[in-house]
Amino acid sequence: MIVRDQKDLNRCINQVSKAKYITYDVETTGLNTRQDKVIGIGCSTSPTTGFYVPLLIWDGIKLQETGLDPRPLLQALKGKRLIAHNAAFDVDQTYHDFNIDLKDDIWADTMLMAHTLDENKYAYGLKPLSKALWGDDSTEEQQIMKQSIADNGGSANEYFKCDMEIMAKYCIKDCQLTFKLYNYFYPQLVDQDLISFFFEEEVMPLYTQVTIPMQRNGIPLDIDLIVESEEQIQKDINDLEDSIMRSLSPHLGDFEDRHLASLYPINDKGVFAQELCRIANLELPRLDSGKYSLAKKDLLKCEEKEGSNIKVLKFLQGGSSSLLSDSLIKDVRYALFRKTGERYVFNLQSKHHLKNLFFKILQVDPISKTDKGNPQVDDKFLDAMAERYDWAEKLRVFNKLNKIKGAYIDRFIRESEAGLFYPSFFQHRTISGRYGSDLQQLPRPYEEGQEVNPLVKKYTNNVRKFFIAGEGHKFIDNDYESLEPHVFAHISGDEGLKNIFRNGDDFYSTIAIATEGLTGVSAKKSDENYLGKINKPLRQKAKAYALGIPYGMGDFALSKNIKIPQNQAASLIKSYKNSYPALTEWMERSEDQCRRMGFVRSEVGRVRHMPNAVELHKQYGPDLIDGLAMWKIYSEDAVIYPEVKAKGREMRKYLNNAKNFQVQSLAASIVNRAAIAINRKLNELGIWGYVCAQVHDQLITRCKSEDAERVRDIVEDIMVNNYKLSIDLKAPAEIGDNFADAH
DNA sequence: CGGGCGAGCGCC
DNA sequence: AAAGGGCGCTCGCCCG
């Protein structure tokens with residue numbers, strides 16, 4: 001039903017007051033909760049009922065208030081078990097518009113239910129889900145809304161211009177659908193023993209207590225520093241480009257002419273013709289748009305004028321392009337190019353142009369290929385080219401600076417809102433239960449003494465300084481110390497691996513010593529003969545395989561990674577596995593579980609569903625991942641063989657993921673649960689503060705300056721003690737003013 | 001002109 | 001013969 005007046009609204013308030021579970025959905029003017037407005041609110045107390053409260057209605061000119069006050073309804077929702085799809089959006093917009101926070105009343109998010117039950121990435125939106133589950137087709141619905149928007153003079157996504165009745169109908173439908181999803185998913189969570197994992201221990205508490213606040217609060221930016229960096233880096237990039245192009249120009253041959261020819265083909269209409277008129281100084285009448293009129297009569301009239309370029313005029317009347325001189329064509333093209341504001345025709349950022357340069361003009365042989373099998377120009381390639389060409393080294397720096405500028409400077413200027421950056425933290429975008437976020441790829445600052453170009457270092461090390469705690473505030477920054485190795489040692493059940501941490505030894509050094517049978521070196525950082533000190537490359541080598549091998553890395557990949565012959569890599573793998581027998585057993589157990597059951601669980605119960613693994617195993621047996629065996633059986637059949645190969649890759653992926661998942665997912669849960677506990681503890685103690693960012697094994701908490709030491713101790717204690725492994729975790733804390741200070 | 005994709009590179 | 005896991009953003013470029 002549509003709420004038409006106060007009496008209707010009172011009835012609805014009465015209805016929700018009696019209900020326990022209510023689905024909630026707001027319709028808004030857009031998707032940015034800071035800038036947009038609620039236009040209506042929908043609720044359902046069952047999959048077949050529901051109401052819509054219109055708040056703003058488009059009258060053809062502007063949004064008119066209906067006069068209905070939603071706040072008594074929102075108050076009635078407090079204390080209820082609210083269910084929503086992508087609830088963060090609905091509660092943030094509600095909070096923004098009405099200052100009533102429903103986040104603690106969110107009982108279930110059906111998007112997260114869907115993800116918990118099927119983490120294999122697909123579209124988790126309401127409509128894609130209902131299509132996948134029940135074949136519901138929403139195209140007609142979309143059509144009707146679009147038509148209504150268009151009828152009311154709106155464009156593409158101006159949903160707020162849709163007829164209120166239509167909006168109401170679909171809002172209620174979405175509420176009902178959300179209810180249906182909840183009823184559909186709940187028993188599945190029960191069946192898979194995921195109820196307490198989902199509702200009590202992790203998914204929903206993380207969502208309401210950590211995810212929603214992190215996204216809603218945003219992080220203060222040092223706008224002055226960002227803007228200053230932008231100006232400086234642009235100048236440095238331009239200088240580099242000038243310098244590179246000075247060296248390069250003599251080599252380019254006719255590349256630029258050919259490229260412009262393809263960009264601006266000869267044409268007697270359009271931009272080419274317009275520019276031609278200008279360059280040839282034709283006295284043609286102008287249209288309202290400022291363009292030259294190319295009407296036949298105007299061209300003919302122009303021919304009669306003294307000094308007119310007859311050849312050009314003939315061309316414009318459909319004559320042959322041979323009427324135009326080469327230099328005139330060139331002038332036109334360069335003039336058009338200059339209008340783009342770009343500095344050089346040869347684009348140093350274009351892979352096409354660079355490939356042309358290296359592989360066609362300079363006749364260099366590629367050293368690697370892309371996944372698609374194309375010759376590759378990447379940083380490694382340019383590094384090799386730097387031995388031959390001085391400009392190639394500059395090009396590497398140019399690339400790095402452009403990356404920093406585009407991804408870490410321009411982006412945060414563009415996306416800042418009133419000095420804040422609102423990061424996204426998605427709980428449904430990874431298989432393992434990590435967050436999917438746009439704030440997890442900030443470049444790590446270079447440390448003192450690391451060999452790197454000074455410009456690259458300068459700008460790289462600036463990026464984390466953009467994110468500031470702000471006046472009167474501090475960040476508490478805790479990184480778990482090698483969390484993944486700790487979790488890995490714990491999960492493998494291998495006492496040898498666990499002892500590394502119990503003894504306080506260095507993980508990679510110990511593994512290097514055990515695997516390679518090294519003598520006369522120590523894995524203790526304090527020792528004179530510490531491996532990391534006296535033979536760093538050997539430790540680095542162990543870094544390449546210590547976790548890679550357990551996750552399924554083969555001899556081929558290892559040999560490539562650390563540049564040793566394949567047979568040596570094979571014996572290294574063998575030796576590693578022999579050194580840690582329980583690890584090897586765990587690897588086999590995990591694969592076996594995957595093949596037999598089609599799923600694995602993390603220690604806290606999160607499920608990795610791989611039902612296809614069972615089918616593949618039934619059909620092809622254990623040899624499916626043995627390329628040689630499959631080749632012997634199927635290579636004769638040109639149709640079947642590629643399919644079998646693809647299935648082999650799929651199976652290998654399952655088997656490797658069965659191992660990696662248990663480690664990565666538990667690590668994620670440890671950090672997630674620490675974050676929940678931190679926010680709860682601070683709340684309980686009445687200390688102002690919250691986790692404002694999570695980067696896989698790192699939590700950044702924001703608090704008042706005067707509480708910094710106290711919060712630091714609380715955070716550290718929770719991170720170390722909140723979830724206990726068979727070995728102790730470490731999470732040393734730093735207090736800082738920005739994201740860079742702690743390192 | 002917007003969407004999708006490949007390539008590259010940033011992170012754990 | 002095929003050969004380690006999980007992500008997100010930007011760019012150029014192609015396509016509809």
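Computed from a predicted model, the values in this text were never measured in an experiment. In what follows, chains carry the letters A, B, and so on, assigned in the order in which the sequence lines appear, proteins first and then strands, with residues in each chain numbered from 1.
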Member of A:Phe466, A:Phe421, A:Phe475 meeting the ring pair (Phe, Tyr, Trp, His ring centres under 6.0 Å) criterion with A:Phe739: A:Phe475
Short side-chain N/O contact from A:Arg414 to OP1 or OP2 of C:dT10, under 4.0 Å: yes
Cationic N near anionic O, under 4.0 Å, A:Arg396 to A:Glu393: yes
Under 4.0 angstrom between A:Asn374 side-chain N/O and B:dA7 OP1 or OP2: yes
Candidate pair A:Arg429 and A:Tyr124, rule side chain to side chain contact (heavy atoms under 4.5 Å, CB included), full reasoning: CA-CA 9 Å; A:Arg429 286 207 185 162; A:Tyr124 289 102; over 6 Å; no
A:Gln376 side-chain N/O to B:dG8 phosphate OP1/OP2 under 4.0 Å: yes
Which residue lies more 5' along DNA chain C, comparing A:Trp631 with A:Asn660 via nearest heavy atoms: A:Trp631
Sugar-phosphate, base or nothing in reach of A:Arg608, heavy atoms under 4.0 Å: nothing
Contact under 4.0 Å: A:Lys405 side-chain N or O vs C:dC11 OP1/OP2: no
Sugar-phosphate only, base, or nothing, as touched by A:Gln664 at under 4.0 Å among non-hydrogen atoms: base
Side-chain N,O (A:Asn657) to OP1/OP2 (C:dG6) below 4.0 Å: yes
Sugar-phosphate, base or nothing in reach of A:Ser424, heavy atoms under 4.0 Å: nothing
A:Asn399 side chain near B:dG8 phosphate (N/O to OP1/OP2, under 4.0 Å): no
